[in-house]
Each structure stands twice: as C-alpha cells, then as structure tokens.
Amino acid sequence: MLRAITVAFFTGLLCLCTRAQFDASKIDIVRDKWGVPHIFANTDAEVAYGLAFAHAEDDFETIQNCFLAGKAMLGRLKGKDGAAIDYVVHLLRIPELVEAKYNTDISPAYKKVLEGYCAGFNAYAAAHSKDVLVKQLLPLTPKDMLCYSVLQLCISSGADEALKSIYGGSVATIDNLKPGGSNGFAFNSKITADGQTYLAINSHQPLEGPVSWYEAHLCSNEGWNIIGALFPGAPSILHGCNQYLGWAHTVNSPDKLDIYQLEINPKNKLEYKFDGHWEKLEVTKVHLSVKVAGIIIGATKDAYWCKYGPAVVNKKGMFAIRTPAMFDIRGLEEWYRLNKATSYTEFNSVLQMNAIPGYNIVYADRYDTIYYLSNGKIPVRDKSYSWKYTLPGNTSKTLWTDLYPVKSLPHVLQPSSGFVYNTNNTPFHATGVNDNIAIKDYDETMGYEKYDNNRSLRFMELVRQHDKITYDDFKKIKYDIQLPKKLAYIINTDTLFSINPQQHKEIADVIQLLQQWDKSAGISSAGATLFDVIYYEVVNDLAGPKPYNTITTNKAVELYRNARAYLTGHFKKTAVPLGDYQKLVRGNKVLPVGGIPDVITAMYSLPYKNGMVKGAQGESYIELVRFTKDGPQLETVNCYGASNNSSSIHYNDQMELFTHQLTKPMTFDKAEIYKNAEKVYHPK
C-alpha cells in the first residue's frame with residue numbers, strides 16, 4: 001500500500017511539473033493515414049515534447065531500455081546482461097563527463113530542446129505508470145539523455161569490440177546498440193535527365209530495437225521543419241530532408257579507437273609507468289543493481305582509469321582504451337543543428353563542430369549541390385607507431401590529444417561526374433573515377449577503409465549504363481537486387497562457382513543450381529536461397545575457432561553437402577524460391593521478402609521456423625528525395641509500420657509496400673497534412 005501511494009504521489013508530481021513548464025494544448029500531434037507523427041508547435045522545445053510523447057505512444061518499452069542503459073540501470077531490468085552495460089557506462093565515466101561539460105558545452109537553445117523532450121517523455125510515463133519498467137528511471141533529465149547518446153556513440157566507435165578483444169572474447173559485443181550498414185547516393189543536374197537533384201537515404205539498420213528507425217515530421221515556428229528518421233531516444237531527426245537540403249548516413253570504419261598495454265609496477269599493481277615515472281591508477285567502486293530471480297541485489301566492481309582512459313585487466317596484463325567519443329557530449333546537438341541548416345554553407349558550418357564521431361554523409365540540396373564526407377573524430381597520431389595494433393601505454397608519444405579538423409577528412413564536393421555515393425566502402429571511391437580523391441593524400445594512421453564491397457561495385461556497374469539518369473533509373477538503382485559480376489565478399493567464393501559438378505555426383509544438382517544462378521536476389525530466385533544458406537554457414541565459420549580466407553575445394557564440397565541436406569530436410573527439394581525461405585514477419589503477418597547480404601537491397605536474416613529465416617537487418621527506412629524548383633518531393637517507406645505497439649493498426653501496415661518495393665508520398669504542406677489526417681490531438 002505504501003509503495004502504491006508513493007508511486008501515485010510521484011506520478012502526480014511529474015504531471016504538475018510538466019504542466020508548469022509546457023502547455024501541451026499548444027502542441028499538435030497529427031497522425032497521417034500511415035500513423036506517421038507530424039509534430040507542430042510554436043517552439044522547438046514544444047516540438048521535442050510532442051516527439052517524445054508520440055514516440056512513447058509507439059515504442060515506450062524500447063525508449064525506456066535505451067535510457068535505462070544510459071542511466072546505468074539496465075541491470076534492474078535485464079539482470080546480469082544489463083548490468084554488464086551499466087558497468088561500461090561507469091567504466092567510460094560517462095556520467096562524470098556529462099556532469100562536467102553540460103553547463104559549458106551545450107547551448108542554452110539546445111538545453112531547452114532536451115528539456116522539452118524530457119517533459120514529453122515524463123508526461124507520457126506519468127499517464128501510463130503501469131507501463132514503466134523501472135520506476136527509478138524517472139524523472140528523465142537532459143543529462144540522462146546525453147549519457148545514453150555518449151554511450152551509443154562510444155559503442156559505434158568500437159568501444160565494445162575493444163573490450164571484447166581485451167577480455168579474450170568473453171565479453172559479448174553490444175550488438176543491439178550498434179548501427180548497421182547502409183547506402184546513400186546523390187545525383188545532380190550534371191547527370192540527371194530532368195536537371196533535378198536526387199537523394200537516396202537508404203540505411204541498413206536492425207529492423208527492431210534501439211537502433212531501428214522511427215519516422216517523424218518535426219515542424220516549429222522557429223525554423224525546424226524536417227522529415228526523416230531517428231533512433232529511440234533521439235530528440236531530432238538523424239538523417240532526412242528539410243525544405244532546403246537532405247542527407248543520408250552510412251557507417252564508416254576509420255581508426256577511431258586505440259588499445260594500449262600498460263606497464264604495471266611489479267611492486268604495486270595499482271601503478272603504471274608513464275614517461276619514466278610511476279603513476280597511480282584511479283580506482284572507483286562501481287555499485288551495480290542486478291535483477292536475479294525477480295529480486296534486485298547489489299554488486300560492486302572496480303573500475304580503473306589512467307591517462308589514456310578506462311583500463312581493464314586480463315591474463316596478459318592491464319590494457320587501456322581511448323576514443324574521442326569518450327570526451328564529447330555534443331553529438332545530439334550537432335544533429336539538431338543539421339536539421340535546421342538551410343544551405344550547404346550552413347550545413348558545412350555545423351559539421352565543423354566535429355561532435356559526431358563517425359558516419360559517412362551523402363548530401364544534396366535544392367540548389368543542385370551534392371557532397372560526400374567520411375566524417376569522424378580522428379586523432380592526430382605519431383607516425384612512428386603502428387596504430388593498427390596494441391600500443392605501448394608507457395609514453396606520452398602515444399597519448400594523442402588533437403583531432404583532424406573536418407576539412408582535412410576525405411570529402412568530395414560538386415564532382416564533374418554529377419554523383420556521389422557510399423555503401424560502407426572506401427571513401428576513395430565515392431564518385432566518378434576522374435573525381436575520386438587519392439588515398440596517398442591522407443595519413444596512414446587515420447586508418448581509412450581501402451576496400452570496395454558488392455554494393456559499391458554494383459552501383460558503379462549500374463551508373464555506367466547511363467549517360468543521363470532519369471528518376472525512374474534512380475529508383476531502379478536504389479531497388480537493384482543483383483550482385484556484381486565479380487563478387488567482393490570478405491571470403492573468396494570463387495571455388496563455389498568453379499567446382500566441377502561431374503566430380504561430385506551426389507551434390508551435382510546444388511552445384512549446378514548455384515553455378516547457373518544469375519546472382520539476383522528476387523523472391524523467385526532459388527539460387528539466392530542456396531547461396532544464402534551457404535553464406536550463413538560461412539559466417540558462422542568465421543566466428544568459430546578455425547576461420548578461413550578462401551573457400552577450398554574440400555570446404556566447397558562440405559558447404560554444398562550441408563546446404564543440400566538443409567534444403568531437402570526442411571523443404572523436400574533443393575530449388576527453393578527465396579520468398580519461400582525468407583520472410584518479413586511481424587505479428588500474424590508473414591510476407592515473402594527479397595534481398596540477401598550485400599546486394600543494394602540487402603537483407604540479413606535470422607532463423608524463423610521450419611527452416612525459414614526472417615529479415616532482421618538491412619532495408620528498413622527508405623527516403624527518396626527529388627529536389628525540384630518548387631521544393632523537395634519525398635517518398636518514404638518503413639519496413640513494418642509507424643508503431644511498435646502490437647495493438648496499433650500501424651504495427652505492420654507498411655509491410656506490403658516494403659516487400660513490393662513501393663513507397664508512400666510525404667509532404668511538408670501543412671494544410672494538406674491536416675486535411676488528410678487520420679487523427680489530430682494534443683499530448684495528454
């Protein structure tokens with residue numbers, strides 16, 4: 001009874017505080033026929049309030065999970081696995097960083113946006129207290145939001161992978177908080193048939209979870225007016241299009257993190273050598289709350305800190321990690337400012353904040369400007385060391401402090417070819433051959449990618465087929481389901497296609513099926529199914545104790561034999577159309593879906609049932625933009641729908657569009673949005 005009274009009192013207090021700061025009657029949430037929220041209000045802070053409320057209506061559980069992670073409270077919900085993430089938050093000293101820099105590094109205008117989002121989230125939580133997973137999460141504060149943002153950006157910079165390698169693989173990577181792959185490409189009037197500018201925003205994210213896309217339209221009277229997508233817990237669009245410009249993000253992989261081995265004093269395990277002197281490790285007792293058998297128990301674990309950053313111990317000694325993402329809290333504010341840019345000049349000026357630690361940017365605008373940047377916070381390093389490997393942690397020579405300015409990062413502006421692109425491939429292949437930048441002009445210690453992948457090779461095959469690109473051509477390129485002529489997977493697959501079926505009669509049928517495959521990944525392709533089955537076995541081998549770089553003849557025979565057994569065992573035949581094997585699944589809706597790993601319309605799948613697989617990552621939110629003289633024309637689609645609430649009609653109502661490679665129109669026209677609205681209401 002006492003607990004119920006306390007919760008009720010706290011809920012009422014939350015409501016009173018929220019109402020005192022914001023008048024929700026001045027905020028409109030306009031749901032269109034697909035359930036996508038269009039948020040209209042006078043101020044940016046009020047729009048953020050409306051976004052938080054609307055998103056909570058659609059995915060309250062995931063947003064809570066995100067902020068529980070940032071607040072180091074996930075162990076209260078998910079036990080040992082959640083507590084491992086909580087420990088990382090403290091190991092990286094994220095709360096201390098945010099506390100130290102919040103007043104100085106976050107602008108007053110953006111503080112209001114964060115306060116608005118928190119107020120909207122807290123208002124929803126107060127009105128739906130039965131759905132609150134961990135009461136101690138509330139009230140959510142701007143600092144809590146920034147803690148989660150820093151955690152996510154550290155993970156995207158490789159912090160979890162580094163910790164896994166230090167612990168010898170015994171620590172799982174935090175995959176559900178990590179971004180995936182992606183495509184982005186833009187064409188301007190130098191190559192488009194109608195003289196317009198096109199932009200494809202086409203990331204390959206997990207279809208569900210903390211880094212899945214949520215579509216929204218944010219519009220205030222303070223110049224914020226953008227349609228695009230964001231992750232749960234983000235208070236602005238992360239990539240999308242406003243009335244002037246748009247951009248796509250793709251994941252990039254320059255060297256954003258370093259690992260150091262410390263030289264520990266044999267007489268004192270809490271001292272390490274640095275520039276000839278013994279320095280003391282800073283030791284913090286981390287207090288964790290862990291849910292075990294329904295009961296919350298306390299646990300403590302030491303966290304170490306040295307001049308490089310956080311330090312951890314394994315059987316070989318003590319190691320430290322260092323990444324620029326650990327020292328900056330302004331990433332979310334940079335995205336917010338990008339939302340409001342009205343020209344390339346403004347957009348580029350915002351990028352100079354250099355607060356977002358990674359991600360490629362493919363940009364286009366209504367003024368016919370196209371631009372590519374391999375963005376990141378890249379340290380300026382001493383060239384006398386090999387930064388690909390573990391570094392000596394006993395010298396200031398390996399303790400970098402400066403970062404390359406954005407203008408010094410790989411970029412292409414207004415190429416004569418008329419296009420820019422990225423598919424997670426090397427930044428040195430980002431446009432036409434004659435306009436590509438040279439790798440020799442960038443320091444080796446920056447660690448930029450040097451490889452192409454199947455999507456980048458196929459994109460160039462398609463572009464070379466046209467002197468001019470029509471908008472229909474543009475859409476066909478975006479929805480292409482074909483692998484390139486020469487495959488570029490990280491494993492050499494040539495043997496699969498060259499082995500003689502006559503020498504292996506018992507598997508000749510599957511060998512011939514794959515070798516006759518046209519390398520397309522439509523739902524009718526049986527070759528794609530066979531390749532997919534083989535692909536996932538190879539992926540499992542790469543994660544096992546005996547990885548390999550090339551598929552030998554003996555291995556190819558084994559892969560064919562296993563694939564044949566799998567297909568005949570589950571489907572009673574070897575020629576299984578991809579749509580019979582791979583499904584897009586949500587609720588009671590199960591649809592055939594095309595795409596395999598690393599085609600432009602990529603789909604990565606997980607086991608489903610009866611030998612089938614279901615899409616888990618790849619094609620997800622798609623936004624196609626055509627900049628005309630009258631402004632941008634937009635069409636979008638999300639893989640499932642606008643809501644993660646299974647009781648909503650918008651839980652899976654875009655699946656037919658998505659699987660048939662169709663889109664829905666989107667508009668900035670306020671009058672049209674209200675006229676055709678499914679529902680207009682205030683957050684309450």
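Basis for what follows: all heavy atoms, side chains included, without hydrogens, waters or symmetry-related copies. Counting from 1, the numbers follow the sequence of the chain as shown.
Nearest heavy atoms, Ser182 versus Asn424: N-OD1, 2.9 Å. Taking each heavy atom of Cys66 and Pro210 in turn, the nearest pair found is SG-CB, 3.7 Å. Smallest separation of non-hydrogen atoms from Tyr363 and Ser343: OH-C, 3.5 Å. Glu346 and Lys340 make their closest contact through OE1-O, 4.0 Å (heavy atoms, listed as atom of the first residue, atom of the second, distance). Nearest heavy atom pair, residue Ala341 against residue Leu245, reads O-CD2, 3.5 Å. Contact detail for Val113 and Ala48: the closest heavy-atom pair is O-CB, 3.4 Å.
Phe231 pairs in a ring pair (Phe, Tyr, Trp, His ring centres under 6.0 Å) with only one of the listed residues (Trp213, Tyr214, Trp335), which is Trp213.
For the pair Tyr608/Val590, a side-chain contact is recorded, criterion being any heavy-atom separation below 4.5 Å from C-beta on. Taking 4.5 Å as the limit, every side-chain heavy atom of Leu146 sits out of range of all side-chain heavy atoms of Pro142. At a threshold of 4.5 Å between non-hydrogen side-chain atoms, the residues Leu584 and Leu207 count as touching. Looking at heavy atoms from C-beta onward, Lys583 lies out of side-chain contact with Val613 at the 4.5 angstrom threshold. The shortest distance between side-chain heavy atoms of Asn644 and Arg586 falls below 4.5 Å. Using a 4.5 Å heavy-atom threshold, the side chains of Ile85 and Leu151 count as touching. Here the side chains of Leu634 and Cys241 are in contact, with some heavy-atom distance below 4.5 Å.
Leu288 CG to Asp86 CG: the interatomic distance, rounded to the nearest 0.5 Å, is 6.0 Å. Note that the CG atom of Leu153 and the CG atom of Leu332 stand 7.0 Å from one another [nearest 0.5 Å]. Note: Glu623 CD to Asn202 CG = 11.0 Å, rounded to the nearest 0.5 Å. Considering CD1 of Ile226 and SG of Cys219, their distance stands at 11.0 Å, rounded to 0.5 Å. Note that CD1 of Ile29 and NE2 of His55 are 12.5 Å apart. Values are rounded to the nearest 0.5 Å. Rounding to the nearest 0.5 Å gives a distance of 4.0 Å between CZ of Phe668 and CD1 of Ile227.
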Going through the checks in order, is the side chain to side chain donor-acceptor pair (under 3.5 Å) test met by Asn65 and Lys78? CA-CA 9 Å; Asn65 273 275; Lys78 298 196 172 184; 3.3 Å; yes
Stepwise side chain to side chain contact (heavy atoms under 4.5 Å, CB included) test for Val98 and Cys147: CA-CA 6 Å; Val98 172; Cys147 282; 3.8 Å; yes
Criterion side chain to side chain donor-acceptor pair (under 3.5 Å) on Gln205 and Tyr621, from CA distance to verdict: CA-CA 8 Å; Gln205 289 297 115; Tyr621 176 73; over 6 Å; no
Check the pair Met612, Val585 against side chain to side chain contact (heavy atoms under 4.5 Å, CB included), reporting the backbone distance first and the verdict last. CA-CA 11 Å; Met612 294 181 288; Val585 181; over 6 Å; no
CA sep, side-chain torsions, deciding dist, call: Asp32, His38, side chain to side chain contact (heavy atoms under 4.5 Å, CB included): CA-CA 8 Å; Asp32 63 24; His38 303 250; 3.0 Å; yes
Kindly indicate, with the supporting measurements, whether the criterion side chain to side chain contact (heavy atoms under 4.5 Å, CB included) is fulfilled by Lys478 and Thr601. CA-CA 7 Å; Lys478 186 266 142 299; Thr601 51; 4.0 Å; yes
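Take Asn645 and apply the side-chain hydrogen bond (donor to acceptor under 3.5 Å, both in side chains) test, not counting sequence neighbours, and it matches Ser647. Partners of Ser107 by side-chain hydrogen bond (donor to acceptor under 3.5 Å, both in side chains), not counting sequence neighbours, listed by chain and number: Glu333. Residues satisfying the ring-ring contact (aromatic ring centres under 6.0 Å, His included) criterion with Tyr674, sequence neighbours excluded, are Phe40. Residues forming a side-chain hydrogen bond (donor to acceptor under 3.5 Å, both in side chains) with Asn242 (at least two apart in sequence, or on another chain): none. Residues forming a side-chain hydrogen bond (donor to acceptor under 3.5 Å, both in side chains) with Arg330 (at least two apart in sequence, or on another chain): Asp328. Judged as a salt bridge (charged side-chain N to carboxylate O under 4.0 Å, His left out), and not counting sequence neighbours, the contacts of Asp58 are Arg31. For Leu657, the side-chain contact (heavy atoms from CB on, under 4.5 Å) partners are Trp34, Val637, Leu662, Lys664, not counting sequence neighbours.
A donor-acceptor distance shorter than 3.5 angstrom exists from the side chain of Asn375 to the backbone of Gly358, with no hydrogens or angles considered. Lys71 places no side-chain N or O within 3.5 Å of a backbone atom of Leu138 that could act as its donor or acceptor partner. Of the possible polar contacts, none joining the His204 side chain to the Ser620 backbone as a donor-acceptor pair under 3.5 Å is found. A donor-acceptor distance shorter than 3.5 angstrom exists from the side chain of Gln582 to the backbone of Val593, with no hydrogens or angles considered. For Glu635 (side chain) and Thr663 (main-chain N/O), no donor-acceptor pair under 3.5 Å exists by modelled atom type. Between the Thr636 side chain and the Ile622 main chain, no donor and acceptor come within less than 3.5 Å of each other. For Glu161 (side chain) and Gly158 (main-chain N/O), no donor-acceptor pair under 3.5 Å exists by modelled atom type. A side-chain donor-acceptor contact under 3.5 Å links Gln654 to the backbone of Asn638.
Residue pairs meeting the ring pair (Phe, Tyr, Trp, His ring centres under 6.0 Å) criterion with at least one partner in residues 103-124, sequence neighbours excluded, are Phe53-Tyr124, Phe60-Phe121, Phe60-Tyr124, Phe67-Phe121, Tyr110-Tyr336, Tyr124-His128. The salt bridge (charged side-chain N to carboxylate O under 4.0 Å, His left out) analysis of residues 667-684, with sequence neighbours excluded, yields no pairs. Among residues at least two apart or in separate chains, side-chain hydrogen bond (donor to acceptor under 3.5 Å, both in side chains) pairs with a member in residues 218-241 are Asn42-Asn221, Asp44-Ser220, His217-Asn225, Trp224-Asn339, Asn225-Gln243. Here salt bridge (charged side-chain N to carboxylate O under 4.0 Å, His left out) pairs that include residues 88-112, with residues two or more places apart or in two chains, are Arg93-Glu282, Glu99-Lys143. Counting only residues at least two apart or on different chains, no ring pair (Phe, Tyr, Trp, His ring centres under 6.0 Å) pair has a member in residues 71-102.
For the residue pair Asp28/His682, the side-chain donor-acceptor check at 3.5 Å is satisfied. Residues Asn354 and Glu334 have side chains that never bring a donor and an acceptor to within less than 3.5 angstrom of each other.
Counting non-hydrogen atoms of other residues, nucleotides and ligands closer than 6.0 Å to OH of Tyr244 gives a total of 12 or fewer.
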